[in-house]
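Encoded as structure tokens, the structure appears first; notes follow it.
So that the names make sense, note that chain A is the first sequence line, chain B the second, and so on, each numbered from 1. Computed over heavy atoms, backbone and side chain alike; hydrogens, waters and symmetry mates excluded.
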There are 2 protein chains.
Amino acid sequence: MSPSKSRTDALMAGDELSSAAQRERRKRIVDATIALASKGGFDAVQMRAVADRADVALGTLYRYFPSKVHLLVSSLAVELERAQEKMDRTTVPGDSPYERVLFVLGRITRGLQRNPHLTEAMTRAFTFADASAGAEIDRVSLLMESMFTKAMSDDAPTEEQKAIARVIGDVWLSNLVAWVTRRATATDVANRLELTVRLLLK
Amino acid sequence: MSPSKSRTDALMAGDELSSAAQRERRKRIVDATIALASKGGFDAVQMRAVADRADVALGTLYRYFPSKVHLLVSSLAVELERAQEKMDRTTVPGDSPYERVLFVLGRITRGLQRNPHLTEAMTRAFTFADASAGAEIDRVSLLMESMFTKAMSDDAPTEEQKAIARVIGDVWLSNLVAWVTRRATATDVANRLELTVRLLLK
DNA sequence: GCCGGAAATAGAACACGTTCTATAAACTTC
DNA sequence: GAAGTTTATAGAACGTGTTCTATTTCCGGC
């Protein structure tokens, strides 16, 4: 089914690229993706345009990322990691898990809403991903989960906390999608998230 | 943006087609869609193949459903309505909302899992839909919400119950997608749903 | 029955994701 | 530093969703 799997996976993992030139190419590709997505959303991330902008050949792009969905989900992971790092450098205010989770949620949500096109591109790729992008999806899911468990407590999360974090993640994503597709306003999203977290943590 | 909107909407609404021939065409199209999706999932629902199988021209197909996503989401609505009707004829067992919701959830989930390809096609279309399919999406969302609120109580749902139903719907969909993309087993899904409903209703 | 406009048809055409081919450049290893 | 291998390049080619065109069929009002 996928003859060159191991090589491709190695390239996708990203941390372990043989040469500096390759790490650079990869970065240029992700940057181009984010730039195009920020400007025009999912549809504007056209593989030929990404290749052009990143100054690589189309074939090279496909060697690094086996599909548009992989590309966008990997970029989402990159963005979430950035957000996570920023969050780690912040002291999250609030006395209860409820307050702290809401703070984190609000912060990230507003961050994403500041760049609607990018958010649209990434959430659509994320939810459209098929089995072949399972690894990337799991990576993002774990990032999200840990984001919320960290907000609940500094200690290692309990199973229940993980479950709560997953539920919050699901609701969060679904509301982000609703916002992106104009079926919900930013206020709707904030209200629903607040309500959800209340149901789960109060 | 969409010059022929009103006409298209009329056709899409489906209940109000001018002639019997048109209602028939529409039904043939949805049937063909479901048949193809059942056999090979999202990718097998090719517009030319749907048109062929429904015995309509490609242009006609597009007159009735402006995109593949509209087509699949409308089919999902049809299927959910069927499930809802079946459920309405059933007396849902269980003394608490918790038990009753779990029953409904388990029933529908197993129903969908009996036809994995169809489920894959529909959930992917649903989550990939963009703003232009907002109406269809809302229709399906409402169906889902009412499914769960009905399980909670026979009376008109409170705001809190609606909120809970929405959260359950979000988690349900997300787990269905995880199952469809092989990131979760049927058991995983059942466990997570149970856990979620417990958190919300116990 | 006939006419005019709407709807349906067959099929070409186009756009973009993806794959393939042939060639060139960049590396490894000796 | 030359030979062989891997990686990158340019661009053609292909598949499928979507749109367009020209023609034909259908349907409601006369």
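A cation-pi contact, defined as under 6.0 Å to the ring centre and within 45° of the axis, links R124(B) to F128(A). Seen from the ring of F42(A), K68(A) counts as a face-on cation partner, given the 6.0 Å and 45° thresholds.
Heavy-atom minimum distance, F126(A) versus S141(A): CZ-OG, 4.0 Å. Residues G41(B) and E120(B) share a closest heavy-atom pair of CA-OE1, 3.3 Å.
Within 4.0 Å of V45(A), counting heavy atoms only, lie sugar-phosphate atoms of the nucleic acid but no base atom. Residue contacts shown for V50(B) are absent, as no nucleic acid heavy atom lies under 4.0 Å away.
For M47(A), the side-chain atoms get nearest to dT18(C) when compared with the rest of dA8(C), dT18(C), dA8(D). Closest to the V56(B) side chain, of the nucleotides dC16(C), dT18(C), dT9(C), is dT9(C). The nucleotide whose nearest atom lies closest to any side-chain atom of A57(A) is, among dT18(D), dT18(C), dT9(D), dT9(D). In the set dT9(D), dG17(D), dT7(D), the nucleotide with an atom closest to the side chain of R63(A) is dT7(D). Checking dT19(C), dT19(D), dT9(D) against the side-chain heavy atoms of Y62(B) singles out dT19(D) as nearest. Distance from the side chain of R48(A) is smallest to dG17(C) among dG17(C), dA7(C), dA8(D).
D188(B) and T185(B) form a side-chain donor-acceptor contact under 3.5 Å, judged by distance and modelled atom types alone.
The CZ atom of R23(A) sits 15 Å away from the P atom of dT7(D) (whole-angstrom rounding). With rounding to whole Å, D43(A) atom CG is found 12 Å from dG17(D) atom C1'. The CZ atom of F65(A) sits 16 Å away from the P atom of dT7(D) (whole-angstrom rounding). At whole-Å resolution of the value, CG in L58(B) and C1' in dA22(D) are 16 Å apart. When the C1' atom of dT18(D) is taken as reference, atom NZ of K68(B) falls 12 Å away, rounded to whole Å. Atom pair H70(B):NE2 and dT18(D):C1' shows a separation of 13 Å (rounding to whole Å applied). In this structure, D55(B) places its CG atom 12 Å from C1' of dA8(C), rounding to the nearest Å. One can place CG of L71(B) at 10 Å from P of dG17(D), the figure rounded to the nearest angstrom.
For Q22(B) and dA8(C), the shortest distance from a side-chain N or O to OP1 or OP2 is below 4.0 Å. Between Y64(A) and dT7(D) there is no side-chain N or O to OP1 or OP2 distance below 4.0 Å.
Mapped onto DNA chain D by nearest heavy atom, R28(A) and Q46(B) fall at different nucleotides, with R28(A) at the one closer to the 5' end.
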Under 4.0 Å protein heavy-atom contact, by nucleotide of nucleotides 25-30 of chain D - B base, S sugar-phosphate only: ------
Check the pair K27(A) / E24(A) against salt bridge (Lys or Arg N to Asp or Glu O under 4.0 Å), numbers first and verdict last. CA-CA 5 Å; K27(A) 178 165 187 325; E24(A) 286 226 339; over 6 Å; no
Cut-off 3.5 Å, no hydrogens considered: what does the side-chain donor-acceptor table look like for residues 43-52 of chain A, sequence neighbours left out?
residue, atom, partner, partner atom, Å
Q46(A), NE2, D43(A), O, 3.3

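At least one donor-acceptor pair under 3.5 Å links the side chain of Q161(B) to the backbone N or O of T158(B).
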